[in-house]
Amino acid sequence: MTYIPSKKLTDNAKTVLEELNTRTEPLKPKDRMAIPAQEMPSQDPAVRRCNMEEVATGYTAEQAKLEAERCLQCKTAPCVAGCPVAIDIPGFIQAIADGDNQKAADILKKDTLLPAVCGRVCPQETQCQAPCTVGKVLKDIEKSVNIGRLERYIADWEREQGLIETPAVKPETGKKVGIIGTGPAGLTVAADVRREGHSVTLFEAFHKPGGVMVYGIPEFRLPKAIVQKEIDTLTAMGCKLETNYVVGRTRKIADLLEKDGFDALFIATGAGLPRFMNIEGENLVGVYSANEYLTRSNLMRAYDKERAATPIFDSEKVAVLGGGNVAMDAARTAVRLGAKEVHLIYRRTEVEMPARVEEVGHAKEEGVIFHMLENPKRILSDEKGWVSGIECLRYELGEPDDSGRRRPIATEGSEFEIEIDTVIVAIGNDSNPLIRQTTPGLETNKWGNIIADESGKTSIDRIYAGGDIVLGAATVILAMGEGRTAAASINQMLAK
Ligand code: FAD
Ligand code: SF4
Ligand code: SF4
């Protein structure tokens, strides 16, 4: 990934667009494929590594128009099959090409509640953009039509123009629905159920709503104001919000149903329980789970050292363990919090890394040092019980394992040490057991995820579930899609 200054990108777009506008003949597919794929303007890496502001600054109107002109409007639209909520992708892109942004926004809103979020964080390269005909013909997935960036452009345009309207709510039905968790799954159910006129109360364990979109994904990838806008819309629709409310402790599921008069509940508590490596030294001072590190930085503003109630210790040398999006977010946050060196340690190679290619590229541009085919054996301590280093082993790849990825095998006797003062463990999350433990009869699978059928119904009548608590750690769009399905099912049940 090579950083291209934003001005150069936007100047190029203007020139190409002027040239296209001089044409009198309609564009042929080969003309469309000759239009350069529009890169995302972004902050210079040397600047952004010192601030929390969004890295990608968004397409200009010219870039969006040009990118939209690259779409071939395929009859079979393979891109739609790649989108978990089957957005009418050619439809909204054609509207941009025609200069009708409002129509594009209306098309998007039919299938997604959170286009500004999905346009930013969806793994498009493995979803809608993977089967795109343009990428296939040009034999380069990076040349697929940039569907996510166009989606973000339209959602931002609508918000910045002040055109987002509060959706109409049908007359009150007198039915009460409780939603536990305010991530993408919970927010989607809230909107869809409230529209039908049912009373909606959202319960959130944290002091702020938004789930991982607020406490996990950093500001420099997803500005919190965007998520807050969605929450404001829900409150304007009449949804009630109870924060610092831990269902299972503050009140049990059975109480909500039997004593508080809820007609249905939707559990969307996510997968927020961090996994650890279970190696020597994981209890030392200076070891964090990525969840704790990111939550302190994002939600409790630990980076604001003068004012934060729970500031993070100033690290000099940080090791981040893992290779997913969470690891990239933690490593890039550590850079911004002033660490001089950030080492990302992963036991496979970059090819097997689950993180988005774009995030890996951004992390490298910002100076994160990648250690591939290495894994920690133990964390080393100084005499006061603080982290002083990490002992690693070198690895090589064997045959593919159950996940289809080649199995990492440790090379005996390859131990070496890296001097560090902070370790962030980012090797995955499980679901929190609290609701499972306090709700007799609620069936879960061997990983502790709630079992729900294809309509979101759980083993207990009137209780529905969706998002990461059902799927295991997944994605925003999948959580949102599950929310849509469950909301339809709840609305149907309450209509009887
Ligand atoms: P969550 O977003 O996890 O929200 C659950 C909410 O429930 C939380 O607010 C939690 O506090 C609350 N809760 C939990 N227990 C209780 C309780 N007992 N009572 C009340 N409230 C409770 N996905 C992508 O698509 N793209 C990305 O780039 C991406 N990056 C990620 C980066 C990080 C750091 C993390 C952690 C995840 C990332 N994901 C990404 C995954 C994505 O964010 C999740 O799949 C998605 O948010 C799941 O949505 P959800 O609604 O199921 O739950
Ligand atoms: Fe692509 Fe995500 Fe938008 Fe679907 S919601 S079109 S997968 S960016
Ligand atoms: Fe456009 Fe690509 Fe979808 Fe075809 S597959 S309609 S080119 S976005």
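Values reported hereafter were calculated over all heavy atoms of this structure, with side chains retained and with hydrogens, waters and symmetry mates removed. Counting starts at 1 for both ligands and their atoms, in listed order.
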Short N or O contacts of ligand 1 with protein, under 3.5 Å, listed by atom name?
| unit_1 | atom_1 | unit_2 | atom_2 | d |
| --- | --- | --- | --- | --- |
| ligand 1 | 2 (O) | V212 | N | 3.0 |
| ligand 1 | 9 (O) | E204 | OE1 | 2.6 |
| ligand 1 | 9 (O) | E204 | OE2 | 3.0 |
| ligand 1 | 11 (O) | E204 | OE2 | 2.6 |
| ligand 1 | 18 (N) | V247 | O | 2.9 |
| ligand 1 | 19 (N) | V247 | N | 2.9 |
| ligand 1 | 21 (N) | A205 | N | 3.1 |
| ligand 1 | 25 (O) | V476 | N | 3.0 |
| ligand 1 | 26 (N) | V121 | O | 2.7 |
| ligand 1 | 28 (O) | V121 | O | 3.4 |
| ligand 1 | 28 (O) | R221 | NH1 | 2.8 |
| ligand 1 | 28 (O) | R221 | NH2 | 3.2 |
| ligand 1 | 30 (N) | R221 | NH2 | 3.1 |
| ligand 1 | 45 (O) | D468 | OD1 | 3.0 |
| ligand 1 | 45 (O) | D468 | OD2 | 3.0 |
| ligand 1 | 45 (O) | A474 | O | 3.2 |
| ligand 1 | 45 (O) | T475 | N | 3.3 |
| ligand 1 | 51 (O) | P184 | N | 3.3 |
| ligand 1 | 51 (O) | A185 | N | 3.0 |
| ligand 1 | 52 (O) | D468 | N | 2.8 |

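A salt bridge is defined here as a Lys NZ or Arg NE, NH1 or NH2 lying under 4.0 Å from an Asp or Glu carboxylate O, and R48 with E54 fails to meet this definition. In summary, D430 and R275 engage in a salt bridge, as defined by a charged side-chain N under 4.0 Å from a carboxylate O. In this structure, R70 pairs ionically with E67, as a charged nitrogen and a carboxylate oxygen lie closer than 4.0 Å.
Atoms of ligand 2 found under 4.0 Å from any heavy atom of Q124 (numbered from 1 in listed order, with element): 8 (S). Against a heavy-atom cut-off of under 4.0 Å, I87 is close to the following atoms of ligand 2: 3 (Fe), 5 (S). Using a 4.0 Å cut-off to heavy atoms of Q127, the atoms of ligand 2 that qualify are 7 (S). Interface atoms of ligand 3 facing P78, defined by a heavy-atom separation under 4.0 Å, are 5 (S). Heavy-atom contacts of I477 reach the following atoms of ligand 2: 5 (S) (cutoff under 4.0 Å).
Between the side chains of Q94 and D100, no donor-acceptor pair is found at a separation under 3.5 Å. A side-chain N or O of R356 and one of Q124 form a donor-acceptor pair less than 3.5 Å apart. Side-chain contact annotation: S455 with D453, donor-acceptor N/O pair under 3.5 Å present.
When side chains are defined from C-beta on, I93 counts as touching I147, because their heavy atoms get closer than 4.5 Å.
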Before you tell me yes or no, could you show the steps for T243 and E204 under side chain to side chain donor-acceptor pair (under 3.5 Å), namely the whole-Å CA-CA distance, both residues' side-chain angles and the distance that decides it to 0.1 Å? CA-CA 5 Å; T243 49; E204 170 55 52; over 6 Å; no
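Using the six-membered ring where Trp is involved, H371 and H343 have ring planes that are tilted, between 30° and 60° apart. Ring geometry, F262 versus F203: the interplanar angle exceeds 60°, so the pair is classed perpendicular (tilted spans 30 to 60°).
Minimum interatomic distance between V193 and I490 (heavy atoms only, all atoms of both residues): CG2-CG2, 4.3 Å. Across every non-hydrogen atom of V470 and N449, the tightest pair is O-CB, 3.6 Å.
The main-chain N or O of V121 is never found under 3.5 Å from a side-chain atom of R221 such that the two would form a donor-acceptor pair.
Taking a cut-off of 2.8 Å, the protein N, O or S atoms nearer than that to atom 1 (Fe) of ligand 3 are C71 SG.
Separation of the F206 and Y215 ring centroids falls under the 6.0 Å cut-off.
Only the side chain of P84 comes within contact range of ligand 2, with a heavy atom under 4.0 Å; no backbone atom does.
The closest protein non-hydrogen atom to atom 3 (Fe) of ligand 2 is E151 OE1, 2.1 Å. Looking from atom 2 (Fe) of ligand 2 to the surrounding protein, the closest heavy atom is C122 SG, 2.4 Å. C83 SG, 2.4 Å is the protein heavy atom nearest to atom 4 (Fe) of ligand 2.
Inclusion of C128 in the first shell of atom 1 (Fe) of ligand 2 is supported: an N, O or S atom falls under 2.8 Å.
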